[in-house]
Amino acid sequence: MAEPANEASRCGFVALIGAPNVGKSTLANALVGSKVSIVTPKAQTTRMLVRGIAVEGESQLIFVDTPGIFAPRRRLDRAMVGSAWSSAGDADLVALVIDSRKGITDDDETILRALGDVRAPKLLVLNKVDLVDKPALLGLTQKLNEHVKFAASFMISALTGDGVADLKSWLAAHVPAGPWLYPEDQISDAPLRQLAAEITREKLYLRLHQELPYRSAVETDVWKELKDGAVRIEQSIYVERESQRKIVLGKGGATIKAIGAAARADIATAIEQPVHLFLRVKVRENWAEDPERYREMGLEFPKE
Ligand SMILES: Nc1nc2c(ncn2[C@@H]2O[C@H](COP(=O)(O)OP(=O)(O)OP(=O)(O)O)[C@@H](O)[C@H]2O)c(=O)[nH]1
Ligand SMILES: [Mg+2]
């Protein structure tokens, strides 16, 4: 399975935490060098923990991309925020990602207060530096370090890749000594059917607006390898109301068709196989209150 232990080998879990939309998933993808987690301009895109794996020298780095931390209102919000904090509690290193253009937001303040209880060494990652003047960053770094004692600070752009290599080598030097947990070429631990559902959800987020993306979920129901080398994938998109179903379908089915075409192309690229994708939109009034949906997403079902 994993690589044999050698004296110099290192391996560790690095949790990427932060407020919604600060660029955690973009950073996870940049660190892995491949798309393992979906990214959209909308806040609260990531719903579950996504592990992306990279090798740097003798170190294997397991990045845990987490849902953004914010003041939760609904049950699903609580599950998402809870999973982010639990991954911080389990990690060897915790990277707090900040959107440096926004400065310190209310969500950041809440996170900074709670970070004190996290045992692992913490590092500060000021992201989106492509959008700000460099001098402003020093003040921001200073202010953040007054709240929490960070082991190191980095200024990066996950989008352009600026500073990402430095961050990665620092992490490689600071994860604990020990054997690798995954084969050298593995970049994710997510099953393909889950990756495929996430890709479709990304297209939903890109196409639909206001509350609708947050009221929907995607699951892969069927994954069938065909004789010609292609895969037949059937997915369900859950929404809460008939009116939402109509919007997802669009006039004459135009919206669902576009979502399906975009998702099919990306899934085919991701799995390097031709894909036949079939989407069904189902109304499940209370999917966000159904423990089974949480199990599918790999989230704990909060009691309330
Ligand atoms: N300009 C710029 N945009 C960035 C950078 N990193 C991420 N973004 C953009 O910020 C938006 C949010 O990125 P995500 O990676 O989805 O953010 P996230 O923190 O994972 O968000 P949640 O999953 O919702 O918590 C996307 O539109 C990204 O393209 C960066 O370094 N520079
Ligand atoms: Mg994300």
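When reading the values below, keep in mind they use all heavy atoms of this one structure, side chains included, and skip hydrogens, waters and symmetry mates. Quick note: residue numbers are just sequence positions, from 1. Owing to the predicted nature of the structure, the values given are computational and were not obtained by experimental measurement. Every number for a ligand or one of its atoms is a count from 1 in the order of the listing.
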Quiz prompt | Sub-4.0 Å atoms of ligand 1 with respect to non-hydrogen atoms of Leu131 | solution = 1 (N)
Quiz item: By number and element, which atoms of ligand 1 are closer than 4.0 Å to a non-hydrogen atom of Pro20?
Solution: 25 (O)
Self-check item: Sub-3.5 Å N/O-N/O distance, Asp65 and ligand 1
Solution: no
Self-check item: For atom 6 (N) of ligand 1, closest protein heavy-atom neighbour
Solution: Asn127 ND2, 3.2 Å
Practice problem: Kindly confirm whether the Mg ion (ligand 2) is within less than 2.8 Å of some N/O/S atom in Ser37? | Solution: no
Quiz item: So, Lys282 versus Ser236: side-chain donor-acceptor pair below 3.5 Å or not?
Solution: yes
Self-check item: Modelled atom types, side-chain donor and acceptor of Gln235 and Thr220, under 3.5 Å
Solution: yes
Quiz prompt | Check: Gln194/Glu296 side-chain N/O donor and acceptor closer than 3.5 Å | solution = no
Practice problem: Would you check if there is a donor-acceptor pair between the side chains of Glu225 and Trp223 at a distance under 3.5 Å? | Solution: yes
Quiz item: Quick one: does ligand 1 sit under 4.0 Å from the side chain of Leu159, the backbone, both or neither, non-hydrogen atoms only?
Solution: both
Practice problem: Please indicate whether any nitrogen or oxygen in Ala158 is less than 3.5 Å from any nitrogen or oxygen in ligand 1. | Solution: yes
Quiz item: Does a donor on one side chain and an acceptor on the other come within less than 3.5 Å for Ser157 and Asp130?
Solution: yes
Quiz item: Looking only at protein heavy atoms, which one is nearest to atom 17 (O) of ligand 1, and how far off is it?
Solution: Gly23 N, 3.1 Å
Quiz item: Side chains of Thr46 and Ser25: is there a donor and an acceptor less than 3.5 Å apart?
Solution: yes
Practice problem: Report the nearest protein non-hydrogen atom to atom 26 (C) of ligand 1: residue, atom name, distance rounded to 0.1 Å. | Solution: Thr40 O, 3.5 Å
Quiz item: So which heavy atom in the protein is nearest atom 7 (C) of ligand 1, and how far is it from that ligand atom?
Solution: Thr26 OG1, 3.4 Å
Self-check item: For Lys24, the ligand 1 atoms whose distance to one of its heavy atoms is below 4.0 Å
Solution: 15 (O), 17 (O), 18 (P), 19 (O), 20 (O), 21 (O), 22 (P), 25 (O)
Quiz item: Which residue owns the protein heavy atom closest to atom 12 (C) of ligand 1, what's the atom, and how far is it?
Solution: Asn21 ND2, 3.2 Å
Quiz item: Backbone, side chain, both or neither: what part of Lys128 comes under 4.0 angstrom of ligand 1, heavy atoms only?
Solution: both
Quiz item: Does any N/O atom on Gly68 come nearer than 3.5 Å to any N/O atom on ligand 1?
Solution: yes
Exercise. Would you mind checking which non-hydrogen protein atom is closest to atom 32 (N) of ligand 1, with the distance to 0.1 Å?
Key: Asp130 OD1, 2.7 Å
Quiz item: Does a donor on one side chain and an acceptor on the other come within less than 3.5 Å for Thr66 and Ser87?
Solution: no
Practice problem: State if Ala43 counts as touching ligand 1 under the rule of any non-hydrogen atom under 4.0 Å. | Solution: yes
Self-check item: Between Asp107 and Thr110, a side-chain donor and acceptor under 3.5 Å
Solution: no
Self-check item: Short N or O distance, Thr66 and ligand 1, threshold 3.5 Å exclusive
Solution: no
Quiz item: Do you reckon Ile104 sits in the same ILVMFWY cluster as Phe70, going by side-chain contacts under 4.5 Å, direct or chained?
Solution: yes
Practice problem: Specify the protein heavy atom at minimum distance from atom 27 (O) of ligand 1: its residue, its atom name, and the distance to 0.1 Å. | Solution: Pro41 CA, 3.4 Å
Self-check item: Single-linkage hydrophobic cluster Leu138~Leu124, side-chain heavy atoms < 4.5 angstrom
Solution: yes
Exercise. Could you tell me whether some N/O pair between Ile156 and ligand 1 is separated by less than 3.5 angstrom?
Key: no
Exercise. Look at Thr26 and state whether any of its N, O or S atoms is less than 2.8 Å from the Mg ion (ligand 2).
Key: no
Self-check item: Residue pair Lys128, Asp99: steps toward the salt bridge (charged side-chain N to carboxylate O under 4.0 Å, His left out) verdict
Solution: CA-CA 6 Å; Lys128 307 197 186 184; Asp99 180 339; 3.3 Å; yes
Quiz item: Ser157 heavy atoms, cut-off 4.0 Å: which ligand 1 atoms fall inside?
Solution: 30 (C), 31 (O), 32 (N)
Exercise. With salt bridge (charged side-chain N to carboxylate O under 4.0 Å, His left out) as the test, would you mind laying out the steps for Arg215 and Glu240 before giving the verdict?
Key: CA-CA 6 Å; Arg215 304 287 169 191; Glu240 293 176 331; 3.7 Å; yes
Quiz item: Nearest 0.5 Å, what's the CZ-CG distance between Arg201 and Leu208?
Solution: 12.0 Å
